[in-house]
Amino acid sequence: MKFTQSSLNVGELATGQELSIPVYHLAAKDPSAPKVFVQANVHGAEVQGNAVIFQLLKQLENMDVQGEVTLLPLANPLGINQKSGEFTLGRFDPITGVNWNREYLEHSFDIPTWYQQHCDLDNGQLAEAFRAHLLGSCEAHLANPWGVTTGKRLAVSLQMLAHQADIVIDLHTGPKSCKHLYCPEYDRASARFFSIPYSLIIPNSFGGAMDEAAFCPWWELVEYAASQGRDMPVPVSAFTLELASQERIDMEDALEDAMGILAYLSYRGVIMDRVVAADMQRFGCLLKDYKKYHAPKGGLVEYLAQPGVPLKAGAPLANILRLDCYGTEEELTSLQLEQDCVPILHFASASVYQGTELYKLMTNLFVI
């Protein structure tokens, strides 16, 4: 079965040209099978997810696909084309300065009141009604007579596609990074299917990202329903996959990550083909134990700790070179941490201000 291609309009340029995104769609064979939405490249420099979508297109067209699949590469045409010399900036809206991945809509629903109005529905009907409510909220936001920002229009347009799915996967990369996964607490067992060694287990707390926009309202609904004596599984699974470093395309690596996604879709019954999860160790860390380390001084940094390689307490993390202090004790400063951790990513540049976020590191890891 072949994908059909359409386009999604997400805004207009000052010269009148439409901003559009290619959308690839595969219709469902079985309407009861989970619906899937995968997007990539919301941040301009984070291009590897497009290669993963390419590999998914190639694989899925030769598989027995039961559920509806929507794949959306090149999700942010403004960010992708935001260049400065050889670098792609594309992380922040140049008009407002807001992170492109923090523009999604937080629905301000009165869940208890909505639930009491719909509590006579069975679980399937309740989920259908709530999904329609989420989509209506997005439509109302985009129709605001006072208008919406460029970034919000892009994000909420993407969010409407995500709200139509049961499985939402957002593909990103870090600056200099190893692969890692953001996974909601209620769904942590799913982390064992993806070809990713490290998972951040996140709570039901909306911070503006796509995965949170997809699962937080459902988690809130299910928790309230449980308080009223209803047993209802969370109908939506949403993940952010961080596919190593930005500004790179690696087709072989993309196939490995695509197979991890397909292993999860096989488990969920989206595809009938049996795809086995990669045999690898997987570790988790609660979001509260994901630490940021900031540069204690400005200077030129030699990054010693490599992303994805466990670091013992007291082992060298980085060196800061200060040529203005040559001949003094300040010329080369060695940095260490006081606890075991795993560096996940580090700043891309070697020249840093004091206070720059040098590393993000997982602590208190556990086996998944």
Side-chain angles (χ1 to χ4, degrees), residues 1-10 19-43 46-77 80 157-173 179 181 190-196 210-211 214 235-244 248-280:
M1 184 179 295
K2 296 292 185 182
F3 280 86
T4 59
Q5 181 180 350
S6 60
S7 61
L8 174 68
N9 179 270
V10 294
L19 285 170
S20 62
I21 302 169
V23 181
Y24 295 91
H25 181 258
L26 203 59
K29 286 185 181 177
D30 178 0
S32 67
K35 298 179 180 180
V36 181
F37 173 69
V38 183
Q39 71 172 21
N41 213 174
V42 164
H43 289 139
E46 301 182 11
V47 294
Q48 177 67 1
N50 297 311
V52 173
I53 285 180
F54 173 82
Q55 298 287 22
L56 287 172
L57 285 164
K58 291 294 187 182
Q59 296 297 318
L60 286 167
E61 286 191 336
N62 294 295
M63 288 182 165
D64 184 1
V65 183
Q66 298 296 302
E68 179 181 307
V69 178
T70 302
L71 304 177
L72 191 146
L74 307 170
N76 182 355
I80 293 164
S157 297
L158 299 175
Q159 189 173 352
M160 289 186 68
L161 290 180
H163 279 326
Q164 297 173 54
D166 307 300
I167 298 168
V168 177
I169 298 176
D170 194 13
L171 303 177
H172 286 258
T173 64
K179 295 180 186 180
L181 166 75
S190 294
R192 70 183 188 272
F193 292 97
F194 298 98
S195 301
I196 293 181
M210 170 59 93
D211 55 354
V236 169
S237 298
F239 311 94
T240 295
L241 277 59
E242 299 278 356
L243 306 171
R248 64 183 274 274
I249 288 287
D250 183 324
M251 297 306 298
E252 185 176 345
D253 202 29
L255 179 57
E256 177 182 307
D257 290 320
M259 296 309 295
I261 293 171
L262 292 170
Y264 176 70
L265 298 186
S266 176
Y267 159 70
R268 290 293 306 273
V270 177
I271 57 177
M272 295 304 293
D273 307 72
R274 184 171 182 266
V275 182
V276 179
D279 183 12
M280 61 190 300

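Just the heavy atoms: all of them, side chains too, but no hydrogens, waters or symmetry mates, feed the values below. None of the values given here were measured: they were computed from a predicted structure. Nothing fancy with the numbering, it's 1 onward along the sequence.
- Between the CG atom in Leu74 and the CD1 atom in Ile53 there is a gap of 8.0 Å [rounded to 0.5 Å].
- No side-chain heavy atom of Glu61 sits less than 4.5 Å from a side-chain heavy atom of Met1.
- Using a 4.5 Å heavy-atom threshold, the side chains of Ser6 and His25 count as separate.
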Residue pair Val36, Asp166: steps toward the side-chain contact (heavy atoms from CB on, under 4.5 Å) verdict: CA-CA 6 Å; Val36 181; Asp166 307 300; over 6 Å; no
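- Side-chain contact of Asn41 with Glu46: a donor-acceptor pair under 3.5 Å is absent, judged by distance alone.
- Below 30°, between 30° and 60°, or above 60°: for Tyr267 and Phe193 the angle between ring planes is below 30°, a parallel geometry.
- Arg248 and Thr173 share no donor-acceptor pair across their side chains, judged by distance under 3.5 Å alone.
- Considering CG of Leu8 and CG of Leu158, their distance stands at 6.5 Å, rounded to 0.5 Å.
- Open room surrounds CD on Glu252; 12 or fewer heavy atoms of other groups in view lie less than 6.0 Å from it.
- The backbone N or O of Ala254 lies less than 3.5 Å from no partner atom in the side chain of Asp257, so there is not a single donor-acceptor pair.
- Using a 4.5 Å cut-off on side-chain heavy atoms (C-beta onward), Met251 and Gln55 make contact.
- Looking at heavy atoms from C-beta onward, Leu26 lies out of side-chain contact with Glu68 at the 4.5 angstrom threshold.
- Looking at Thr240 and Asp170, their side chains never bring a donor and an acceptor atom within 3.5 Å of each other.
- For the pair Ile169/Phe37, no side-chain contact is recorded, criterion being any heavy-atom separation below 4.5 Å from C-beta on.
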CA sep, side-chain torsions, deciding dist, call: Arg268, Ile167, side-chain contact (heavy atoms from CB on, under 4.5 Å): CA-CA 9 Å; Arg268 290 293 306 273; Ile167 298 168; 3.5 Å; yes
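- The environment of Met272 atom CE is sparse: at most 12 non-hydrogen atoms of other residues, nucleotides or ligands sit within 6.0 angstrom.
- One distance of note links OG of Ser195 with CG of Leu241; it measures 9.0 Å at 0.5 Å rounding.
- Considering CG of Asp250 and CG of Leu243, their distance stands at 11.0 Å, rounded to 0.5 Å.
- Between atom CD of residue Gln39 and atom CG of residue Asn50 there is a gap of 11.0 Å, rounded to the nearest 0.5 Å.
- Here the CG atom belonging to Asp273 is positioned 7.5 Å from the OG atom belonging to Ser266, to the nearest 0.5 angstrom.
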Residues Val69, Tyr24; criterion side-chain contact (heavy atoms from CB on, under 4.5 Å); working and verdict: CA-CA 8 Å; Val69 178; Tyr24 295 91; over 6 Å; no
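- The number of heavy-atom neighbours closer than 6.0 Å to NZ of Lys58, taken from other residues, nucleotides and ligands shown, is 12 or below.
- Ionic pairing of Glu256 and Lys179 is present here: one or more N-O contacts between side-chain nitrogen and carboxylate oxygen are shorter than 4.0 angstrom.
- The closest side-chain heavy-atom distance from Leu60 to Ile271 is below 4.5 Å.
- A donor-acceptor contact closer than 3.5 angstrom links the side chains of Asp64 and Gln66.
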